[in-house]
Amino acid sequence: MPELPEVEVLVRHLRPLICGKTIRSVNVRRAKVLAPTSPQKFRRTLIGAKFTGLSRRGKYLLFQLRAPGRKGPVMLLGHLGMTGKFFMARKNESLPRHAAVVLNLGGKKFVYEDTRFFGRLTLDVSAVEKLGPEPLGKDFQLAAFAEVLKRSRQAIKVRLLDQTLVAGIGNIYACEALFRARISPRTPARRLTRLQITRLWRAIHEVLAEAIECGSTVPLNFGRGRSDGLFYFGRAPGAADYYEERLRVYDRAGRPCLNCGRSIKRIKQAVRSTFYCPYCQRL
DNA sequence: CACCATGTTCCTTG
DNA sequence: CCAAGGAACATGGT
């Protein structure tokens with residue numbers, strides 16, 4: 001459930017569920033996801049610690065805890081990778097096959113599950129230092145954004161996936177933002193005009209904010225229900241059980257552009273799929 | 001069997 | 001040293 005909006009909604013959902021809870025015991029089933037923290041250090045640090053806060057930075061979750069006999073807070077960093085999930089389970093509930101870490105909180109248990117094990121749950125917080133500005137925050141400034149883009153020959157779509165440029169945009173929202181800004185994903189970053197950069201900067205805000213809004217209104221089940229926590233669909237206005245497709249280009253190859261009716265195309269860029277309308281987003 | 005998948009990191013190449 | 005491209009990571013779905 002990987003990009004910024006999904007993580008933001010997950011954080012809001014999880015915060016009241018874990019804050020104030022104390023970790024009674026720790027069960028590490030896949031030591032790989034803790035790296036470079038050792039399972040020994042992980043357990044020793046977290047047992048007895050209490051959750052005091054949860055925030056987000058880019059696609060990362062930042063858990064804050066207070067451990068007895070320790071002056072500063074303990075920080076725990078989570079990342080969902082491609083297939084990670086965090087959810088609360090009942091004490092005696094059976095675990096999914098790919099449960100990687102289980103924190104026993106007394107009445108409930110907090111589970112980190114990840115089928116592909118690309119995600120992380122670690123005491124090493126250094127990854128957030130390398131991130132660029134939060135796209136919905138004050139530090140995401142148009143002038144600085146334009147300045148960085150001017151120095152790159154890379155295709156703008158590929159550039160948007162670089163987490164040091166802006167934090168939290170992934171393959172889906174990069175495609176969606178470029179469609180909204182009517183920019184070809186193949187445009188070399190330095191060739192973008194001032195007007196295009198402004199449109200892109202605005203489109204990034206819109207696409208992410210709308211996805212968060214959508215995720216906040218759609219009923220979600222972060223447990224083992226059918227929902228994967230991704231906001232591909234939104235509830236259609238007025239309809240109780242009807243969900244309309246929300247993404248405009250992502251995964252819509254061969255289907256009509258919602259703007260001009262022509263066929264959406266799929267191309268490969270940096271070993272990833274890019275979806276776009278060759279007419280509305282022409283070079 | 002082949003190919004695809006929301007992400008990050010590391011290695012290689014220029 | 002830097003930018004850019006591609007493979008690797010591990011598993012499951014089509």
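Per chain, numbering begins at 1; letters A, B, ... match sequence-line order. Scope of the values below: all heavy atoms of this structure, side chains included, with no hydrogens, waters or symmetry mates.
Put simply, Gln163(A) has a side-chain N or O that comes within less than 4.0 Å of OP1 or OP2 on dT8(B). Taking only side-chain nitrogens and oxygens, Lys59(A) comes nearer than 4.0 Å to OP1 or OP2 of dT8(B). Proximity of Arg272(A) to the phosphate of dG7(B): a side-chain N or O atom is located under 4.0 Å from OP1 or OP2. Dashed line: the shortest gap from a side-chain N or O of His98(A) to OP1 or OP2 of dT11(C) is not under 4.0 Å. Under 4.0 angstrom from either OP1 or OP2 of dC3(B) there lies no side-chain N or O belonging to Lys268(A). Within the 4.0 Å cut-off from OP1 or OP2 of dA3(C), not a single side-chain nitrogen or oxygen of Arg151(A) is found. Within the 4.0 Å cut-off from OP1 or OP2 of dA5(B), at least one side-chain nitrogen or oxygen of Ser273(A) is found. OP1 or OP2 of dT6(B) lies within a sub-4.0 Å distance of a side-chain N or O belonging to Tyr250(A). Close to dA3(C), at under 4.0 Å from its OP1 or OP2, lies no side-chain N or O of Ser152(A).
Nearest to the side chain of Arg30(A), among dT9(B), dT6(B), dA10(C), sits dA10(C). When distances run from any side-chain atom of Arg97(A) to the nucleotides dG12(C), dT8(B), dA10(C), the shortest one goes to dG12(C). Listed nucleotides dT6(B), dG6(C), dA10(C) differ in distance to Lys32(A); the shortest reach to its side chain belongs to dA10(C).
Between Lys85(A) atom NZ and dG12(C) atom P there is a gap of 13 Å when expressed in whole angstrom units. dG6(C) atom P lies 14 Å from atom CG of Leu161(A), rounded to whole Å. One can place CZ of Arg57(A) at 17 Å from P of dG7(B), the figure rounded to the nearest angstrom. Nucleotide dT8(B) holds its C1' atom 10 Å from the CE atom of Met82(A), rounded to whole Å. Between Glu3(A) atom CD and dT6(B) atom P there is a gap of 9 Å when expressed in whole angstrom units. The separation between Arg252(A) atom CZ and dT6(B) atom C1' is 18 Å, rounded to whole Å. Taking atom CZ on Arg116(A) and atom P on dA8(C), their separation rounds to 14 Å, with Å as the unit. Between Ile212(A) atom CD1 and dT6(B) atom P the separation is 20 Å, expressed in whole Å.
Cation-pi geometry between Arg248(A) and Phe179(A) is not met at under 6.0 angstrom from the ring centre and within 45 degrees of the axis.
For His205(A) and Phe140(A), the distance between ring centers is under 6.0 angstrom. Checked against the 6.0 Å centroid criterion, the rings of Tyr250(A) and Tyr276(A) do not qualify as a close aromatic pair.
Side chain of Lys32(A) to backbone of Phe117(A): a donor-acceptor contact under 3.5 angstrom is found.
Aromatic stacking is not marked for Phe117(A) over dA10(C), as the cut-offs of 5.5 Å for the centres and 30° for the planes do not both hold. Residue side chain Phe118(A) meets the stacking definition with respect to dC9(C): its ring centre sits within less than 5.5 angstrom of the base's six-membered ring centre, and the planes differ by less than 30 degrees.
Residue Arg153(A) is classed as a sugar-phosphate contact, given heavy-atom separations below 4.0 Å to backbone atoms only.
With a cut-off of 3.5 Å on both Watson-Crick or G-U wobble distances, the partner of dA2(B) is given as dT14(C).
Between the side chains of Asn104(A) and Lys91(A), no donor N or O sits under 3.5 Å from an acceptor N or O. Using modelled atom types and a 3.5 Å distance limit, the side chains of Thr274(A) and Gln269(A) yield a donor-acceptor pair.
dA4(C) and dT6(B) are spaced 23 Å apart, taking the C1' atom of each and rounding to whole Å.
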